[in-house]
Student: 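Mind having a look at this structure? Questions to follow.
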There are 4 protein chains.
Amino acid sequence: DRPLTLIAGPCQLESLDHARMIAGQMKEACAKYGAQYVFKASYDKANRTSLSGKRGLGVDEGLKVLQTIAKEFDVPVLTDVHTEAQCAVAAEAVDILQIPAFLCRQTDMLLAAGKTGKAVNIKKGQFLAPWDMANVVAKVESTGNKNILLTERGTSFGYNTLVADMRSLPQMAQGGYPVVMDATHSVQQPGGKGGSTGGQREFAPLMARAAVSLGIASVFIETHEDPDNAPSDGPNMIYLDQMPKLIESLMRFDALAKADPIRI
Amino acid sequence: DRPLTLIAGPCQLESLDHARMIAGQMKEACAKYGAQYVFKASYDKANRTSLSGKRGLGVDEGLKVLQTIAKEFDVPVLTDVHTEAQCAVAAEAVDILQIPAFLCRQTDMLLAAGKTGKAVNIKKGQFLAPWDMANVVAKVESTGNKNILLTERGTSFGYNTLVADMRSLPQMAQGGYPVVMDATHSVQQPGGKGGSTGGQREFAPLMARAAVSLGIASVFIETHEDPDNAPSDGPNMIYLDQMPKLIESLMRFDALAKADPIRI
Amino acid sequence: DRPLTLIAGPCQLESLDHARMIAGQMKEACAKYGAQYVFKASYDKANRTSLSGKRGLGVDEGLKVLQTIAKEFDVPVLTDVHTEAQCAVAAEAVDILQIPAFLCRQTDMLLAAGKTGKAVNIKKGQFLAPWDMANVVAKVESTGNKNILLTERGTSFGYNTLVADMRSLPQMAQGGYPVVMDATHSVQQPGGKGGSTGGQREFAPLMARAAVSLGIASVFIETHEDPDNAPSDGPNMIYLDQMPKLIESLMRFDALAKADPIRI
Amino acid sequence: DRPLTLIAGPCQLESLDHARMIAGQMKEACAKYGAQYVFKASYDKANRTSLSGKRGLGVDEGLKVLQTIAKEFDVPVLTDVHTEAQCAVAAEAVDILQIPAFLCRQTDMLLAAGKTGKAVNIKKGQFLAPWDMANVVAKVESTGNKNILLTERGTSFGYNTLVADMRSLPQMAQGGYPVVMDATHSVQQPGGKGGSTGGQREFAPLMARAAVSLGIASVFIETHEDPDNAPSDGPNMIYLDQMPKLIESLMRFDALAKADPIRI
C-alpha cells in the first residue's frame with residue numbers, strides 16, 4: 001500500500017559520470033512524482049549471449065561507482081551478483097543484492113546472498129512457474145533473512161520469445177514479499193538477433209502500466225540516454241528522456257491501484 | 001477514447017427469465033458507472049470439451065430470447081455463430097456476431113458474417129499470433145464490412161493452460177479496430193478438469209484491470225449468479241453480485257487510461 | 001503390429017491428371033516397400049491463412065476426382081471435411097473422413113462424421129493436450145462408430161511455431177485407436193510468412209522417422225512434384241521424387257519398431 | 001557414424017560401492033551390445049528444487065569416487081561442474097566436464113571449462129532455442145578447445161513441463177559437434193511435485209529411441225536400482241535392471257540410423 005518504488009538505471013555501469021547522470025535524473029523525476037527510487041546497474045554482465053558482448057566495469061571499479069552513487073545521491077543501490085563469493089563483497093557496497101533469473105535455483109548463491117543480511121531481489125527464472133518461487137524463497141529464508149523481493153521478468157514462450165503472465169504477480173505475492181515487475185527484460189527476445197538479444201522497447205511502458213495497475217510494490221526499468229548505442233540490452237531499454245513522463249503516468253495508476261486493491 | 005464498453009452475460013442462455021435477470025443487473029450497473037453495455041449469451045455451445053456438456057437453448061429459442069432482451073432493455077446483444085448458415089439467421093436477431101476462437105480461420109464463415117453487415121467480433125485463436133489476425137480481418141473486410149472487433153482470449157501455453165499476452169492488445173489495435181479483452185476465457189484451463197474445462201476465476205478481474213489500464217475499447221466478462229452450478233464455464237465466470245464493484249473499479253482505470261493514452 | 005500405412009498425396013486437388021500422377025507413383029512405391037497406401041487430397045482449403053490463398057477444386061469436382069482415383073488405383077482415399085453437411089456427401093466418395101485440427105472440438109461435425117460409418121481421422125488441435133483427445137473420441141464413439149484414427153500434427157509453441165511432442169503418440173494410443181504422425185504439418189510455421197504459412201520441409205522426414213521408430217500405425221505426408229509452386233503448403237511438402245527413398249527408409253524403421261514394441 | 005555412446009549412471013553419487021555396482025552393470029551391458037560407455041554421476045546437486053533436497057558426496061569425496069571408477073572399470077567419466085573454480089579441480093579427475101542447462105550462458109564457467117582442455121558437454125538451457133547454442137559453443141571454442149558435445153534436455157513448454165523438440169538434434173548438429181539426447185531429464189516435470197521435480201519415467205525409453213533413430217552420437221540416461229528411493233531425480237530415472245534390454249534395443253536403431261543417415 002506504499003507508493004511505487006522505481007528500480008532504474010543503465011543495464012551496465014559505463015563510468016561514474018554516466019551513472020551520476022542517470023541517477024541524478026531518475027532521483028529528481030521520482031521525487032517530483034512521489035516514487036521511491038533505487039539505483040540499479042550491473043558491474044559485470046556474466047551471461048551475455050555471445051562472447052563479444054561487453055561485460056562492464058568489473059567488480060572492483062563497479063562497486064566503487066555504486067557506493068559513490070549511493071552516497072552522493074542518498075539513494076539505495078541494487079546490483080546483481082553472479083557467484084557465491086561475490087555476495088559478501090557486493091553486500092559491502094550495495095543495499096539490494098539481485099539474483100539473476102538463470103541463477104535463481106543455485107542454492108549456494110541464494111544462501112550466500114541471504115547470509116549477508118542485505119535485501120535479496122530474486123528474479124524468477126524464465127523456466128519456472130510463479131509458484132515454484134516458493135521453494136527458491138525458502139532457501140533464502142533458511143538463512144534468517146526475510147528481506148526478499150521477487151521479480152517477474154518473463155517466461156519462455158516458444159523460441160526466442162518471452163511472455164509476461166500477469167497472474168504471476170499476485171501468485172508470487174502470496175508469500176507476502178514485495179513483487180517487482182521488470183518491464184524492460186520482459187520484452188526481450190532472447191537470442192532474437194542471432195549474436196545478441198533483441199527486444200521490443202515499445203512494449204515496456206505498457207508492461208509497466210499493466211503491472212502497476214495490479215498494485216505491485218515496484219517496477220524495474222533499464223534506461224539509457226542512447227539505447228541503440230548502449231553496451232547491452234539496447235533493444236529493450238527505455239530512452240532516458242522519456243522516463244519522467246512514464247514515471248508520472250505510472251504514479252497515477254499506482255495511486256489508483258493502491259486505493260483499490262485486488263484481492264485474489 | 002470513448003468510455004469502456006462492457007460485453008457481459010451468462011456463458012449460455014438458460015431461459016428468458018435468467019437472461020432478463022442478468023441483463024437487468026448489468027445494464028443498471030453499467031449505467032451507474034458510465035459504461036456502455038452489450039448483453040452477451042450463447043444459444044449453442046458447439047464445441048464443449050465433452051459430449052455430455054450442456055449446449056443451451058438452441059438457435060430458434062435462443063435468438064428469440066436475445067431479441068426480447070434487446071427490446072426490453074434497449075441494449076445491443078452479441079452472440080456467437082458456429083456455421084456459415086447461422087450468420088444470416090443470427091444477424092436478424094442480434095447486433096454483433098461473434099466468431100469463436102477455434103473457428104477464426106474458417107473463411108466461409110468469416111465471409112458470411114461480414115456479408116450480414118452486422119458488427120463482427122472475432123476472437124483470436126489460441127493458436128494464432130496477434131499479428132496473424134490481420135489476415136483474418138482482411139477476410140471480413142473483403143465483404144465491405146469494416147465493423148469489426150478483435151478479442152484477446154488467451155494463447156496456448158503448454159498443455160491445459162492459456163496465457164494472456166498484454167502485447168497482443170496494442171498489436172491487434174494497430175489495424176484500427178476496437179480491441180476487446182475477454183477476461184474470463186483468458187483464465188480458462190482447457191481440458192484442465194479431464195471431462196471439462198477448468199478455470200481460475202480469481203484472476204479474471206485482474207486480467208480485466210490490466211487490459212483496461214492500457215486503454216482498450218471493451219472488456220468481455222461472463223457472469224453468473226451461481227457459477228459453480230452454471231451449465232458451462234463455471235470455473236472462470238465471475239459472480240454476478242461482484243460485478244457492480246468490478247465495473248466501478250474498471251471505469252476508474254478506464255478513465256485514467258483514456259486520459260493518458262499509450263502510443264506504441 | 002501391421003506394417004506402416006502411408007497416407008500421402010498433394011495438399012489440395014489440382015486436377016484429375018495431377019492426382020493420378022501422384023497416386024500412381026505413391027502406390028507403386030508403397031507396393032515396392034511393403035507399405036499400405038491411402039491417397040489423401042483436399043477438395044477445399046477452408047481455412048487458408050489469407051483470403052487470396054487458393055482453395056481447390058470444390059466439393060463436387062473434388063469428390064469425383066477422389067472416386068476416380070479410388071477406382072482406378074484400387075486404393076482407399078481420405079479427404080477432410082469442413083462442415084456437418086459435408087460429412088454425408090464426402091462419405092459417398094471416400095473411405096476416411098478427416099476432421100481438421102482447428103475443428104476437432106466441433107461436436108456436430110464429429111457426430112455427423114461418426115454417423116456416416118466411415119473411418120474418421122481426427123487431427124489433434126494445436127491447442128489441445130494429447131489426453132484431451134479422449135473427450136473428442138468419445139463424441140465420435142457415441143454414434144456407434146469405432147473406426148477412428150488420431151493424428152498428431154504439432155502443438156502451439158509460442159507464436160508462429162509448432163512443436164511435435166513424441167509423448168503425444170503413445171498417449172493418444174492409450175485409447176486403443178491407431179495413431180498417425182502428420183510429418184509435414186508438424187513442421188509448419190503458422191503465419192510464418194506473413195500472408196501465408198511457412199514451413200520447414202527439411203525436418204519432415206526426420207519427424208516421420210522418429211515417430212515410426214516408436215511403432216505407430218501410420219504416417220501422413222503431403223507431397224508434390226514442385227512444392228514451391230504448389231497452391232498450398234508448399235514450404236512443408238516433400239518433393240515427390242524423394243518419396244520412394246523415404247518410404248524405403250521408413251519401412252526399415254517400421255519393421256524394427258514393430259518387432260520391438262515399446263510399452264508404456 | 002560411429003556406434004552410439006551411452007552416458008549413464010545415477011543422478012548423484014551415493015557411495016563408491018553404489019557407483020561400482022552401476023558402472024559395472026552398465027559397462028557389461030554396453031560391451032555386450034557394442035555401445036561405447038561413459039560413466040556419469042554428480043558430486044553435488046547445486047540447484048535442487050528445494051533446500052531439503054540431498055546434494056551428494058561433495059567435491060572432494062565425489063571426485064575420488066569418480067577417479068576410482070575410471071581406473072577400476074577403464075571407462076571415461078563425466079561429471080557436472082557448478083562454478084568457474086570447480087572446472088580445473090574436476091578436470092583432474094574426469095574426462096568430460098558437463099555444463100548444467102541453467103548455467104549454459106555463464107561465460108566465465110564456459111571459458112574455465114574450455115581451458116582445462118577436457119571435453120565439455122554443454123546442456124542446452126531450457127530457455128534457449130537450439131540455434132542459440134552456436135553462441136554458447138563459440139565461448140568454449142575461444143579457448144582453443146574444440147572437444148565439445150551438445151545435449152538436448154528439453155525446452156520450457158508452459159509451466160512445470162518440458163518438451164523435447166526432435167528438430168533440436170539436427171539443428172545443434174549443424175555446428176559439427178556430437179549431439180547427445182538426455183532421455184531422462186527431457187521427461188522431467190520441473191517443480192511438478194511442489195517441493196521437488198516430477199517426471200515421466202515411462203517416456204524416457206521412447207525419447208531415447210526417437211532420438212537414436214535420427215542418428216545422434218550419444219544418449220544420456222540416469223539410472224538407479226530403486227529410483228523411487230533415489231536421493232534425486234527418482235521420478236524420471238530408469239530402473240537399472242531394465243537398462244540392458246533398452247541398450248540392446250537402442251543399438252539396433254542406432255545401427256539402422258547410422259547406415260541410413262538423414263541429411264538436412
Student: Between A:Val219, A:Thr151, A:Leu78, which is the residue that forms a side chain to side chain contact (heavy atoms under 4.5 Å, CB included) with A:Ile7?
Tutor: A:Leu78
Student: We want to know whether D:Gln98 and D:Asp80 form a side-chain donor-acceptor pair, criterion being a heavy-atom distance below 3.5 angstrom.
Tutor: no
Student: Who in residues 127-138 of chain D is close to chain A, using a strict under-4.5 Å heavy-atom cut-off?
Tutor: D:Phe127, D:Leu128, D:Ala129, D:Pro130, D:Trp131, D:Asp132, D:Asn135, D:Ala138
Student: Please look at A:Leu110 and chain D and tell me whether the side chain, the backbone, both or neither of the residue comes under 4.5 angstrom of a heavy atom of that chain.
Tutor: neither
Student: Pick from A:Thr184, A:Ile221, A:Ile238, A:Val187: which one makes a side chain to side chain contact (heavy atoms under 4.5 Å, CB included) with A:Pro205?
Tutor: A:Ile238
Student: At a 4.5 Å cut-off on heavy atoms, which part of A:Ser50 comes close to chain D: side chain, backbone, both, or neither?
Tutor: both
Student: Give me the one residue out of A:Asn47, A:Asp44, A:Val59 that meets side chain to side chain contact (heavy atoms under 4.5 Å, CB included) with A:His82.
Tutor: A:Asp44
Student: Is the shortest side-chain N to carboxylate O distance from A:Asp108 to A:Lys139 below 4.0 Å?
Tutor: no
Student: Just checking, any donor-acceptor pair under 3.5 angstrom between side chains of D:His224 and D:Gln12?
Tutor: no
Student: So, D:Lys54 and D:Ser52: side-chain donor and acceptor under 3.5 Å apart, yes or no?
Tutor: no
Student: Would you tell me whether D:Gln86 and D:Tyr43 have side-chain atoms, one donor and one acceptor, within less than 3.5 Å of each other?
Tutor: yes
Student: Between chain A and each of D:Lys45, D:Gln126, D:Arg48, count heavy-atom pairs under 4.5 Å; write down the option with the most.
Tutor: D:Arg48
Student: Select, from A:Val163, A:Thr155, A:Leu103, the one with the greatest count of heavy-atom pairs under 4.5 Å involving chain D.
Tutor: A:Leu103
Student: Could you tell me which portion of D:Thr49 (side chain, backbone, both or neither) has an atom closer than 4.5 angstrom to a non-hydrogen atom of chain A?
Tutor: both
Student: Report the residues that fulfil salt bridge (charged side-chain N to carboxylate O under 4.0 Å, His left out) with A:Asp165, sequence neighbours left out, ordered by chain and then residue number.
Tutor: A:Arg167
Student: Pick from D:Gly195, D:Gly53, D:Pro100: which one has the most heavy-atom pairs with chain A under 4.5 Å?
Tutor: D:Gly195
